[in-house]
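These notes are about the structure you will find just below.
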Amino acid sequence: MIAYQAIIDELYSKINQEENLGQVAQYIPELARIDPNYFGVYFSAVEGESYGIGDWQRNFSIQSISKVLTLSIAYRLLGDTIWKRVGVEPSGSAFNSLIQLETDKGIPRNPMINGGAMVICDMLLRELKNPMEEILQFIRKMTLNNQIDYSDAVFQSEKLVGYRNIALCNFIKSYGNIENSPEEVLDFYFKMCSIEMNCQELTQVFSYLVNSNVTNAAGEQILSLSQAKRVNAIMQTCGFYDESGEFSFKVGLPGKSGVGGGIIAVHPNKYSIAVWSPKLNAKGNSYRGMKFLEQFTTKTELSIF
Ligand code: GLN
């Protein structure tokens, strides 16, 4: 038996006392106002053990973590056809980079970078009457919390200054890989990034990637085993943008970060763990989150490798 709780307690208090480096996301004014000292962790094992410490009950902006959820909904609805419009290669560049899109003719490298997530949003806008409601319902059913919603303040704030994302979406549209109007796609994209929940809820939502037999409220499997494996593979190789190799190297789990300071990591068939601390490193990933997870998989001697 691994003493998960003791390891979490020890690492939490150790890292909490060390210097908290980095900066909270500055380019979204509403996110820049957050208290940088929040630090929460929630761990949930398949075998039933679960444990939270610090600010695990406080809601935060999940930002790019939502990209895994829209990808999963699109994959479930459309199957492998989605890979015609978005790739599965790590980009090795920043989440909001435009560089590769020109050479790749508007096909984003993967669904974890902004451009790729926008193409997925575009697919969902075509497939679903109200995709935002659909993703919220999905989350509410997985967490049994009907209050979960997006923050209108964060949504408006990002939309107001979203020049780079607006450019990205229009650039992809110029290659014909966005069908709807960029305004519509961006509204959906910004809203999904503004969804808020706490660390515990994040582990509940991601349970279908820990165990693909997890069902939704209607008793249906969310993704097939093969699809769940692939989504995990994409998180493993692309979930941290140009720090994905580093995360694999140091943590060794599929995971996804967001500029709200959250990170979710899953160990298929074993556990999921969510860490939230708003200060980001230079690559836009939570400074303490990366540090905590690296030491967690070292101490537990468990990783997928
Ligand atoms: N909403 C953010 C953006 O598009 C999400 C980025 C992130 O979390 N990495 O810039």
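Atoms within each ligand, like the ligands themselves, are counted from 1 in listed order.
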Can you produce the list of protein nitrogen or oxygen atoms under 3.5 Å from a nitrogen or oxygen of ligand 1, alongside each distance?
unit_1, atom_1, unit_2, atom_2, d
ligand 1, 1 (N), Q63, OE1, 2.6
ligand 1, 1 (N), E158, OE1, 2.9
ligand 1, 1 (N), E158, OE2, 2.7
ligand 1, 4 (O), N114, ND2, 3.0
ligand 1, 4 (O), E158, OE2, 3.2
ligand 1, 4 (O), N165, ND2, 2.8
ligand 1, 4 (O), Y189, OH, 2.6
ligand 1, 8 (O), S64, N, 3.1
ligand 1, 8 (O), S64, OG, 2.7
ligand 1, 8 (O), V259, N, 2.8
ligand 1, 9 (N), S64, OG, 3.0
ligand 1, 9 (N), Y241, OH, 2.9
ligand 1, 10 (O), Y27, OH, 2.6
ligand 1, 10 (O), E158, OE2, 3.4

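Residue V119 forms a side-chain contact (heavy atoms from CB on, under 4.5 Å) with just one option from I107, I178, V185, and that option is I178. Checked against Y4 for a ring pair (Phe, Tyr, Trp, His ring centres under 6.0 Å), the options F43, Y51, Y12 give a single hit: F43.
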TODO: I would like to know whether N96 and N114 meet side chain to side chain donor-acceptor pair (under 3.5 Å); could you show each step before the answer?
DONE: CA-CA 6 Å; N96 54 9; N114 293 9; 5.8 Å; no
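Judged purely by atom type and a 3.5 angstrom limit, N285 has no side-chain atom pairing as donor or acceptor with the backbone of S257. With hydrogens and angles disregarded, a donor-acceptor distance shorter than 3.5 Å links the side chain of R76 to the backbone of I222. In terms of modelled atom types and a separation under 3.5 Å, the side chain of S61 and the main chain of G260 share no donor-acceptor contact.
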